[in-house]
Amino acid sequence: MKISNILVATDFSPSAARAVATATDYARHFQAQLIILHAYRVDIPVASPLTGGGYVLPDGFFEQIAKEARLRVEKVASEASAAGVSAIGVAVDRHPATAIIEEAKSRKADLIVMGTRGLTGIKHLALGSVADRVVRTAPCPVLTVGHDD
């Protein structure tokens, strides 16, 4: 099996940091391109009679979130590059599981690496919901990296 492109998902949690470190080691070993993906989705609740109307968001709210996401993922990619790996950072405004699957397909990933639990704070019995969906629908092998509690 030839591994040329490794996609690693990050939400900047401790579990994701371990996944990035593991993916970086694999990329170095296989001399593969590392694609570090941060998928964010900003869901603003719809106004209802219970909330008393709409919401007022500061000007540039969504642009600032996109900018910060891009800066953070590019920093992670820069750190991987400093470790001797060809790496790029990608930030997309999509649901994480959907983004991981779509990016893996479009970038022809040979391997997806991800943590088993992210920032949701919910402890699942097996995998987190995003990891579970990716494992079930990925176009390539998925390596899940556990997090020490």
Side-chain angles (χ1 to χ4, degrees), residues 1-27 30 32-48 51 53-83 85-147:
M1 175 177 180
K2 179 152 175 51
I3 297 179
S4 300
N5 294 304
I6 299 172
L7 186 139
V8 60
T10 184
D11 60 4
F12 311 111
S13 67
S15 180
R18 288 193 54 191
V20 169
T22 299
T24 301
D25 289 343
Y26 273 73
F30 289 106
Q33 166 81 25
L34 186 61
I35 303 144
I36 303 169
L37 174 68
H38 175 64
Y40 60 93
R41 172 54 41 138
V42 181
D43 292 323
I44 304 297
V46 177
S48 76
T51 61
Y55 298 93
V56 178
L57 297 173
D59 288 340
F61 177 78
F62 293 103
E63 292 81 6
Q64 185 63 31
I65 288 173
K67 179 182 175 185
E68 289 299 318
R70 197 171 47 254
L71 289 172
R72 287 188 74 184
V73 78
E74 287 173 356
K75 180 177 186 276
V76 174
S78 176
E79 291 166 355
S81 293
V85 171
S86 174
I88 60 167
V90 178
V92 295
D93 179 11
R94 286 184 291 201
H95 182 273
T98 302
I100 294 164
I101 298 301
E102 290 175 359
E103 290 293 323
K105 287 177 182 175
S106 71
R107 295 179 182 274
K108 297 180 178 18
D110 302 301
L111 177 67
I112 297 170
V113 180
M114 61 187 303
T116 55
R117 184 163 19 104
L119 292 175
T120 61
I122 299 170
K123 291 186 178 183
H124 294 276
L125 293 175
L127 295 176
S129 60
V130 172
D132 178 65
R133 182 167 168 216
V134 171
V135 166
R136 288 185 290 108
T137 60
C140 61
V142 178
L143 173 65
T144 58
V145 179
H147 172 67

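With hydrogens and angles disregarded, a donor-acceptor distance shorter than 3.5 Å links the side chain of Arg18 to the backbone of Gly146. Checked by atom type and distance alone, the side chain of Asp110 pairs as donor or acceptor with a backbone atom of Asn5 at under 3.5 Å.
Pro96 approaches Ala39 most closely through the heavy-atom pair CA-CB, 3.6 Å. Smallest separation of non-hydrogen atoms from Gly115 and Ser15: CA-OG, 3.2 Å. What you find for Ala77 and Ala87 is that their closest heavy atoms are O-CB, 3.7 Å. Across all their heavy atoms, Ile100 and Val130 have their closest contact at CD1-CG1, 4.0 Å. Heavy atoms only, all atoms of each residue included: Cys140 and Ile112 are closest at SG-CG1, 3.6 Å. Heavy-atom minimum distance, Val85 versus Ala32: CG1-O, 4.2 Å.
Between Lys67 and Glu63, none of the side-chain N atoms (NZ, or NE/NH1/NH2) sits under 4.0 Å from a carboxylate O, so this pair counts as no salt bridge.
Note that the OG atom of Ser86 and the CD1 atom of Ile6 stand 11.0 Å from one another [nearest 0.5 Å]. With rounding to the nearest 0.5 Å, the separation of CE in Met114 from CG in Leu7 is 9.5 Å. Here the CD1-CZ distance, from Ile65 to Arg70, works out to 12.5 Å after rounding to the nearest 0.5 Å. Note: Arg72 CZ to Thr10 OG1 = 8.0 Å, rounded to the nearest 0.5 Å. A distance of 11.5 Å separates CG in Asp132 from OG1 in Thr116, rounded to the nearest 0.5 Å.
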Worksheet item: Between Val76 and His38, is a side chain to side chain contact (heavy atoms under 4.5 Å, CB included) present by the stated rule, with each step listed?
Response: CA-CA 10 Å; Val76 174; His38 175 64; over 6 Å; no
Discussion item. Side chain to side chain contact (heavy atoms under 4.5 Å, CB included) for Leu143 and Tyr26? Distances and angles first, verdict last.
Written reply: CA-CA 11 Å; Leu143 173 65; Tyr26 273 73; 3.8 Å; yes
Worksheet item: Is there a side chain to side chain contact (heavy atoms under 4.5 Å, CB included) between Val90 and Arg107 once you walk through the steps?
Response: CA-CA 11 Å; Val90 178; Arg107 295 179 182 274; 3.6 Å; yes
Practice prompt. Could you give me the CA-CA distance, side-chain angles and deciding distance for Arg94 and Glu103, then say whether side chain to side chain contact (heavy atoms under 4.5 Å, CB included) is met?
Written response: CA-CA 11 Å; Arg94 286 184 291 201; Glu103 290 293 323; 2.6 Å; yes
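Taking the side chain as every heavy atom from C-beta outward, Asp11 and Tyr40 never approach each other to under 4.5 Å. Counting heavy atoms from C-beta outward, Val134 and Ile101 have side chains that approach closer than 4.5 Å.
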